[in-house]
2 protein chains.
Amino acid sequence: MVAKQNTQQKILDAAQSLFAETGFNDTSLRQITSLAEVNLAAVNYHFGSKKELIQAVLQRYLRVLMVRLDQEFNRLLAAQQPNNLTQVLAVFVKPLLELNSVHNNGTRIFLQLLGRGYTDVQGHLRWFINNHYGRVLDKFVLLVQQSCPQLPASELFWRLHFSLGTVVFTMASNEALAEIAEADFNEEVDIEGVIQRLLPYLAAGIAAPVYTRSHPQQQLRSGT
Amino acid sequence: MVAKQNTQQKILDAAQSLFAETGFNDTSLRQITSLAEVNLAAVNYHFGSKKELIQAVLQRYLRVLMVRLDQEFNRLLAAQQPNNLTQVLAVFVKPLLELNSVHNNGTRIFLQLLGRGYTDVQGHLRWFINNHYGRVLDKFVLLVQQSCPQLPASELFWRLHFSLGTVVFTMASNEALAEIAEADFNEEVDIEGVIQRLLPYLAAGIAAPVYTRSHPQQQLRSGT
DNA sequence: GTACATTTCAAACACTTGTTTAAATTGTGC
DNA sequence: GCACAATTTAAACAAGTGTTTGAAATGTAC
């Protein structure tokens with residue numbers, strides 16, 4: 001009983017690191033079981049398949065994160081007047097940082113895994129997240145919509161995905177970026193610092209003036 | 001002689017589509033040669049290895065794009081007073097769209113490939129681009145710096161990488177996003193449309209007010 | 001201690017990967 | 001037409017993939 005828990009845990013721990021670093025498809029079960037110091041067959045015995053292992057790795061974080069996010073969303077939704085965008089975005093900070101209690105560097109690892117789930121060809125993952133937590137995330141979209149009532153729904157859709165890309169990419173290359181920043185600017189960089197830098201960027205991007213052909217105060221037009 | 005050119009071209013055409021769609025590592029040489037209707041060994045004969053094929057596929061676009069970007073950068077750098085940020089970013093639009101003359105859907109394919117190059121584990125690609133075109137891109141950084149003189153260098157560093165993430169992630173998952181957008185909002189989505197949506201987002205994000213603990217939480221509202 | 005279920009393990013499975021080989025074919029210059 | 005290089009071809013290569021197997025080992029209950 002203890003041994004089983006231990007093996008599963010060891011596999012999850014090894015898998016998440018390798019997945020985050022190298023991606024899902026480019027990480028082999030042999031790499032995982034070798035790092036975890038368990039037998040190759042243990043993955044299929046305990047999790048069924050590689051696909052289910054991937055989901056289990058993410059599930060460990062999603063379970064914790066989504067409950068917390070749902071609480072925060074409900075709190076904001078209960079407000080009488082719309083919250084401003086910065087407040088809405090800032091709501092992610094605490095729940096994300098709390099993932100560090102799930103595992104060492106949990107925040108960074110989870111965000112990297114999330115990125116892999118979107119950039120690797122992992123259709124089952126997108127389906128998995130959407131089917132399990134779509135309702136929670138809908139609340140977030142609603143909150144953003146309320147804070148930017150003049151933003152068309154389609155524009156909002158794109159900008160939220162732009163933002164997802166910003167976060168995911170930044171976290172994926174976090175180590176490299178932090179190294180450069182520390183070397184070039186003598187700055188201590190931790191995950192929390194990066195998140196604090198991200199928020200104003202995201203808020204400004206999401207709330208940016210919408211481009212229209214009628215009054216292109218910006219020179220965005222190209223020769224068509 | 002004609003046959004050789006033909007085979008190389010057929011391989012490049014087949015490879016770029018599959019690479020953009022499925023990623024570099026998840027596309028096999030057998031898929032490529034089968035789609036190109038050439039023998040499996042042709043890739044190694046004409047390009048040496050898969051790695052070199054990947055570089056050749058990107059090179060076809062980079063050669064054209066970088067020359068054009070360099071022209072535009074030099075033009076802006078010659079201006080007496082600093083260009084505003086939107087002008088600097090908009091400079092990418094025309095050269096990118098001109099990639100459609102390299103190949104059908106060239107713009108979309110190139111940007112997808114670029115995304116794959118950063119999200120797939122392709123260290124050699126990052127090295128390749130940096131070593132060949134780093135000097136051109138330095139001009140771009142200088143231009144942005146001139147257009148946002150109030151922005152600390154370290155803040156600019158982070159925000160440019162945030163922006164890189166936005167672009168790269170968006171392009172890597174371009175198909176999926178376009179599908180959803182068309183289904184949910186009945187919008188025809190082409191690559192030019194995505195670029196036009198990206199620019200205001202990026203410009204606003206890069207030029208966002210810097211977060212300070214003294215006056216936190218600016219009210220950011222969008223306008224049309 | 002015996003009986004039974006759970007877990008581990010080495011080995012093999014069938015399949016895919018990028019690359020190489022050597023023979024066959026095609027193209028080119030004379 | 002001949003000689004020689006360039007190209008194409010089928011076949012094989014060694015290595016890696018996820019998964020399955022059946023026997024060992026371990027744990028648990030009586």
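The sequence lines fix the lettering, A, B, ..., with proteins before strands; numbering per chain opens at 1.
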Quiz item: When rounded to the nearest 0.5 angstrom, what distance separates CG in L111(B) from CE in M171(B)?
Solution: 4.5 Å

Quiz item: Does S28(A) place a side-chain N or O at less than 4.0 Å from the phosphate oxygens OP1/OP2 of dT17(D)?
Solution: yes

Exercise. Rounded off to whole Å, could you give me the CG-to-P distance for the N44(B) and dT21(C) pair?
Key: 11 Å

Quiz item: Closest to the H46(A) side chain: dT19(D), dT8(C), dA10(C)?
Solution: dT8(C)

Quiz item: Atom CZ of F47(B) and atom P of dT7(D): how far apart are they, to the nearest Å?
Solution: 12 Å

Practice problem: Give one of base, sugar-phosphate or nothing for T33(B), where a contact means two heavy atoms less than 4.0 Å apart. | Solution: nothing

Quiz item: Quick check, are the ring centers of F169(A) and F162(B) under 6.0 angstrom apart?
Solution: no

Quiz item: Just to confirm, is there a sub-4.0 Å distance from OP1 or OP2 of dT8(C) to any side-chain nitrogen or oxygen of T7(A)?
Solution: yes

Self-check item: is_close_aromatic(F92(B), F140(B)), centroid dist under 6.0 Å
Solution: yes

Quiz item: Using a cut-off of less than 4.0 Å, is there contact between a side-chain N or O of N39(B) and OP1 or OP2 of dA10(D)?
Solution: yes

Exercise. Say whether, by atom type as modelled, one donor and one acceptor occur between the side chain of T22(B) and the main chain of F19(B) under 3.5 angstrom.
Key: no

Quiz item: F24(A) has an atom CZ; how far is it from atom C1' of dG18(D), in whole Å?
Solution: 17 Å

Practice problem: Measure the distance from CG on L53(B) to P on dG18(C) and round it to the nearest whole Å. | Solution: 10 Å

Quiz item: Atom CG in L77(B), atom CD in E72(B): separation rounded to 0.5 Å?
Solution: 11.5 Å

Quiz item: What's the CD1-P distance between I32(B) and dT19(C), to the nearest Å?
Solution: 11 Å

Quiz item: Given atom CD1 of I11(A) and atom P of dT7(C), what is their separation to the nearest angstrom?
Solution: 12 Å

Quiz item: Donor-acceptor pair under 3.5 Å: do we get one between R30(A)'s side chain and the base of dG16(D)?
Solution: no

Quiz prompt | Whole-Å distance separating the OH atom of Y45(B) from the P atom of dA5(D) | solution = 12 Å

Quiz prompt | For atom NZ of K50(A) and atom P of dT20(D), their distance in whole Å | solution = 15 Å

Quiz item: Looking across every strand, which nucleic acid part, if any, lies under 4.0 Å from A42(A) by heavy atom: base, sugar-phosphate, or nothing?
Solution: nothing

Quiz item: Closer to the 5' end of DNA chain D via nearest nucleotide, is it Q31(A) or G48(A)?
Solution: Q31(A)

Self-check item: Position toward the 5' end of DNA chain D (nearest nucleotide), E37(B) or L29(A)
Solution: E37(B)

